[in-house]
Each structure stands twice: as C-alpha cells, then as structure tokens.
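One structure below.
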Amino acid sequence: MAIKLDNIFNSAIENSLFKNKNILQSNYNPESILHREKQIKLVASIMAPLLRGERCSNLFLYGKTGTGKTLSVLYVKDEIDKRAKDLGINLKIRYLNCKLKKVSDTEYRILAELIEQLGESVPATGLPTQEVYSRFIELIDKEKQVVVILFDEIDHALKKISDSFLYTLLRLNSELSQAQISIVGISNDITFLDNIDPRVRSSLGEEEILFPTYNAIQLQDILKERANLAFKENVVSEGVIAKCSALAAREHGDARRALDLLRIAGELAERDGQKNITEEYLDKANKKIERDKILDLVETQPTQCMVVLYSIILLTNESKKEDKGSFFTGDVFNLYQDLCNKLKLEILTQRRISDIIADFDMLGLINARVISKGRHGRTREIKLSIPSNILPKVEEILKESLNL
DNA sequence: AGGTATTCACATGAAACTATTCTCTGAGTTAGG
DNA sequence: TAACTCAGAGAATAGTTTCATGTGAATACCTGT
C-alpha cells in the first residue's frame, strides 16, 4: 500500500527556490531594519531613562500597517532588555497585541494577559474584573521596578472598551508606591488619538512618533535584502522585486504585504517546478492572497451569517438576471426568513441582520451604502464585492455548510 | 412654480436578556486516626 | 478531623432581543402668483 512519495519529496527538496523561507514570514525579525533609523533612534532616546531605573514618558506610535512600528519597538525593547540585564536594573517590558484572539476586546482579558506575562495566572472567567485589577496592581507593586507595557494595535482594543480603562491605567502610577509604569501604544489608525478622551490623549501622547509609509524605492531595498537571504541565487530578478514593491506601494506601502506577496509567488513558482520567479507569479500570488482571505472569511462565519450571505448572493444573481439593479436590507431579510424556514433555523430579528450586513461591509465581502429613497425610506443599498472568479467556490462552501 | 411638511423603511444606539463557562465558598460526606 | 465532593451564588462574555430615537429626500400638500 506504500505510495511512492519519495520522488515528490526529493524533487521538493532539490528544487526548492528557498534558502530560508522563514525570512519572508511576517513574524521574522531581521537584524537590520532599513529606513527606520530615525524612528528607532527616537524611540530609543525616549526609552533611555529606563536604564537609569526611571520610568520613561508614555509613548504613542502610529502609522499604517506594515510600516515597521512593531518591529522597531521590539528591536529597541530587546536592546534595552540586554543593557538592563548587564546593569542589573529591575525592568520589565511586556509586549501585548490587543488584536490576538486570546486577548479579545475586554478589559478583563487584557489584564489577565498582562498578569500572565508577568508570570502569574488568573482564571479565564469567574472573577470580578475589579479583583483582577487589584491582583495586577499587587503583582506590579510588590517590588521596586519599572514596568513598560507595549500595547500593539491599541486602537483595536479601544473600539470596544471605553477609554476610561486606559485612563485608569495611565494614572496607575499614583496608586503604586514602589513600582512605576509606562505605557507605549501602537496604533494603525492615524486618527485614533483624535477620538479619545482628551485626558487620555494628553497623557498617552506625551511623546508621539509617526511612522510614514514606505515608498516604492524603500520597499525595494527591504525586499532586496530579505530576498537575498531567503531565496537561492538567481531566483528573483531585479524586475520582480521592482514590480513587487510597486504593487505593495500602490496599496499603502505595506511592507508585510510585499513580503507575503514575494513568498507566495515563490511557493507557487516552486510548486510549478520553475527555476525562478517571474512577474506573472506575482500576479498569481496577488490573486491567491485575496482568494484565500475571502474563502477563509466565509468558511469561519457562524451559520446565521452564512445564511445572510447566501441570501445576498442569491439576490445578486437574481438582480443580474432580471437586470433590475440593486437590492436592499429588506429584501435580504425577507429572503433570509424564507431560507431559515427551509433550513429549520431560528429567525433572527431584522435589527440583528442589519448588524450582520454592516459587518460584511466592514469585512469587504459586500459593499453597502446607506441611501435614502425619499418617501420610500432609508436603507442600505447592497452590492456583493466578491470577485466573480471565486464566487462559485464561495457558493459551494455555503451550500455545503448549510446542507443545501 | 416654489416652498414646506410628511412619511417611509430602515439605520443607529442603548440597555437588557440568555446561555454558557468558569471560580469560589461552604455544607455535607467520607475515610483514616 | 482533615480531605474530598458537590451544589449554589456570582461573574464575564458573546450573541441576541427590545425599546427608543434618528434621518435624507421623494412625495403630498399648501401658498400666492
């Protein structure tokens, strides 16, 4: 029953285009960070007082995704950690990504995660939030030390939690007798600071650093450096790098995306047994990334949301056939009700469906615009924005998961 | 004709409810001394 | 008597429902010419 896989494996090993694929993975830490000297130095100088055992100013970093914010901060963190160790300073810098599933978007979980990072543990539920809070204070304040907390994607957390949480955290110093605390916030949303409590704003933004987007040339440098390490000789040409960075620069100068693109292009080319990556593979990779993103999104939707999405797809097909333009929330809800009856599912309220539709809009699966039809009310005009080439696949997934 | 008021069909917000998961506590039970 | 078990109280959370309020412009309804 042994299937001869040796050939496949062997050729996979021999024909690999990669020297070290990790280097293109987004969690990889390069030794050198290009085009961010200025910001890194600034961060370092702001955080330097830590090495004297003092707290540093609260710091706020902002810039779009993939502009090296996290990378830079973590780099400085490592360097400071090293020095602090040599100097024997009691310093704890903890990094917390507010976007992780585990952390979710609640005060409780953020505190719980912080406590865990500081080496203790709290139950995932069951305790009053206040209790977790005082445990946190106790934990920090039991010895003389400086604690720095890096909140990555802080905007994400604060969408759900009121900013009073940050405010309390920022004022924690007055409650601490021995320890001191500093907060570093990292945000992808540039307008984030504008929409929060001014008191929080002034204390969180004691120092602010903007990370500008990379332009195509800078991206090219970054890609070139990583590609040299990641790929074998002659696998990627200058042209491919140039195109890759151009693609990414057009889409907000996101370096992470550029690296993903290059990696996926490499994987695709490798699978086809190519000896090098051509520009056409970049296009393929671009499509694949998009496709995977959407399919993944659809697959992981809860049943009710799937039904709503399916209704939208059906309505799209119908309106295309009959050539009668667009449809609205009410139409979706009606069809959704029919489907629920057929599938013997509970019917959710229109209020809820409205929210689900809004969510789909956020996710980019559909394009919903609130319009007023005058006498005929106000509603959302809904358009599907799933590319037609993957629509059949999406439909298939939905049908399968809904047993249609 | 031009201006104003209505009115529709939802959007949007806030609060309250529900089911589930988990901790903590203390009463009752058990087994060993 | 110490260790163990187990039920009940209390919390947090996600996903809803319920109730309340908001809203943009096509239409109905006036107005005065």
Side-chain angles (χ1 to χ4, degrees), chain A residues 96-116 120-139 153 156-166 168-169 195-197 297-312 315-316 319 324-341 343-385 401-402:
Chain A
L96 179 68
N97 190 333
C98 304
K99 209 175 178 179
L100 294 178
K101 281 261 166 62
K102 193 176 163 193
V103 176
S104 190
D105 343 84
T106 72
E107 213 169 319
Y108 186 102
R109 298 226 178 125
I110 289 182
L111 284 169
E113 178 63 19
L114 281 175
I115 290 174
E116 205 146 293
E120 300 253 325
S121 68
V122 284
T125 167
L127 291 186
T129 307
Q130 199 52 46
E131 170 68 19
V132 184
Y133 195 73
S134 40
R135 280 200 203 179
F136 175 65
I137 294 179
E138 200 179 309
L139 180 60
E153 321 230 20
H156 194 266
L158 275 253
K159 260 177 210 154
K160 292 243 176 161
I161 313 171
S162 71
D163 40 14
S164 63
F165 169 64
L166 254 194
T168 5
L169 214 64
N195 321 325
I196 57 174
D197 191 325
L297 220 51
V298 172
E299 255 165 14
T300 55
Q301 290 298 320
T303 323
Q304 295 285 358
C305 299
M306 283 187 173
V307 180
V308 177
L309 185 60
Y310 192 61
S311 314
I312 294 176
L315 282 171
T316 309
S319 65
K324 64 170 189 237
S326 45
F327 53 93
F328 312 94
T329 305
D331 305 330
V332 175
F333 184 60
N334 288 338
L335 185 50
Y336 160 81
Q337 278 177 306
D338 293 350
L339 280 174
C340 278
N341 282 333
L343 297 167
K344 293 212 265 183
L345 286 170
E346 260 185 279
I347 299 177
L348 302 182
T349 47
Q350 175 156 318
R351 177 70 187 82
R352 181 65 190 126
I353 303 306
S354 178
D355 277 347
I356 291 177
I357 291 174
D359 282 348
F360 283 154
D361 187 32
M362 286 286 290
L363 292 171
L365 290 177
I366 64 174
N367 199 314
R369 203 159 53 94
V370 180
I371 55 160
S372 176
K373 293 191 295 172
R375 201 76 207 277
H376 305 292
R378 237 162 90 85
T379 182
R380 281 199 180 86
E381 186 185 46
I382 298 163
K383 272 189 223 137
L384 198 61
S385 58
S401 345
L402 295 173

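Note: hydrogens, waters and symmetry copies are ignored here, and every other heavy atom, side chains too, is used. Reminder, nothing fancy here: chain letters follow the sequence lines and each chain counts from 1.
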- request: Would you kindly give the CD-to-P distance between Gln130(A) and dG10(C), to the nearest whole Å?
  value: 18 Å

Closest-nucleotide ordering on DNA chain B, the 5'-leading residue of Arg135(A) and Ala358(A): Ala358(A)

query: Between Tyr108(A) (OH) and dA14(C) (C1'), how many Å, whole number?
result: 16 Å

- prompt: How many Å lie between CD on Gln301(A) and P on dG15(C), as a whole number?
  reply: 11 Å

task: Report the residues that fulfil salt bridge (Lys or Arg N to Asp or Glu O under 4.0 Å) with Glu131(A), sequence neighbours left out, ordered by chain and then residue number.
output: Arg135(A)

message: Taking 4.0 Å as the cut-off, does a side-chain nitrogen or oxygen of Thr349(A) come that near to OP1 or OP2 on dT17(C)?
response: yes

message: Under the rule for salt bridge (Lys or Arg N to Asp or Glu O under 4.0 Å), what residues qualify as partners of Glu116(A), not counting sequence neighbours?
response: Lys102(A)

message: Using a 4.0 Å heavy-atom cut-off, does Gln350(A) contact any base of the nucleic acid, only the sugar-phosphate backbone, or nothing at all?
response: sugar-phosphate

Could you list, one pair per line, each protein nitrogen or oxygen that sits under 3.5 Å from a nitrogen or oxygen of nucleotides 24-27 of chain C, together with the distance?
residue : atom : partner   : partner atom : Å
dG24(C) : N2   : Ser372(A) : OG           : 3.4
dG24(C) : N2   : Gly374(A) : O            : 2.8
dG24(C) : N3   : Ser372(A) : OG           : 2.7
dA25(C) : O4'  : Ser372(A) : OG           : 3.3
dA26(C) : O4'  : Arg375(A) : N            : 3.4
dA26(C) : N3   : Arg375(A) : N            : 3.4

- request: Determine whether Leu348(A) and Tyr336(A) make a side-chain contact, defined as any pair of heavy atoms from C-beta on separated by less than 4.5 Å.
  value: yes

field: Rounded distance [0.5 Å steps], CZ in Phe327(A) versus OG1 in Thr379(A)
entry: 11.0 Å

query: How would you list, by chain and number, every residue that makes a salt bridge (Lys or Arg N to Asp or Glu O under 4.0 Å) with Asp355(A), sequence neighbours excluded?
result: Arg351(A)

field: Between C1' of dT16(C) and CZ of Arg351(A), the distance in whole Å
entry: 10 Å

For atom CD of Glu107(A) and atom P of dA12(C), their distance in whole Å: 10 Å

query: With a 4.5 Å limit on heavy-atom distance, are the side chains of Ile382(A) and Phe360(A) in contact?
result: no

task: Tell me what Ile371(A) touches on the nucleic acid: a base, only sugar-phosphate, or nothing, going by heavy atoms under 4.0 Å.
output: nothing

Close side-chain approach of Asp359(A) to Leu365(A), heavy-atom, < 4.5 Å: no

- prompt: Hey, is the side chain of Thr129(A) poking within less than 4.0 Å of OP1 or OP2 on dA12(C), counting only N and O atoms?
  reply: yes

task: Using a 4.0 Å heavy-atom cut-off across all strands, classify Ile347(A) as base, sugar-phosphate, or nothing.
output: sugar-phosphate

field: Nearest listed nucleotide, side chain of Arg352(A), among dC19(C), dT16(C), dA11(C)
entry: dT16(C)

field: Sequence-distant partners of Gln301(A), side chain to side chain donor-acceptor pair (under 3.5 Å), two or more places apart
entry: none

- prompt: In whole angstroms, how far is the C1' atom of dT17(C) from the CG atom of Asp355(A)?
  reply: 11 Å

message: Using a 4.0 Å cut-off to any heavy atom of chain A, which nucleotides of DNA chain B are the first and last in contact, reading 5' to 3'?
response: dT6(B) to dC24(B)

message: Side chains of Thr129(A) and Glu107(A) only: does a donor on one sit below 3.5 Å from an acceptor on the other?
response: no

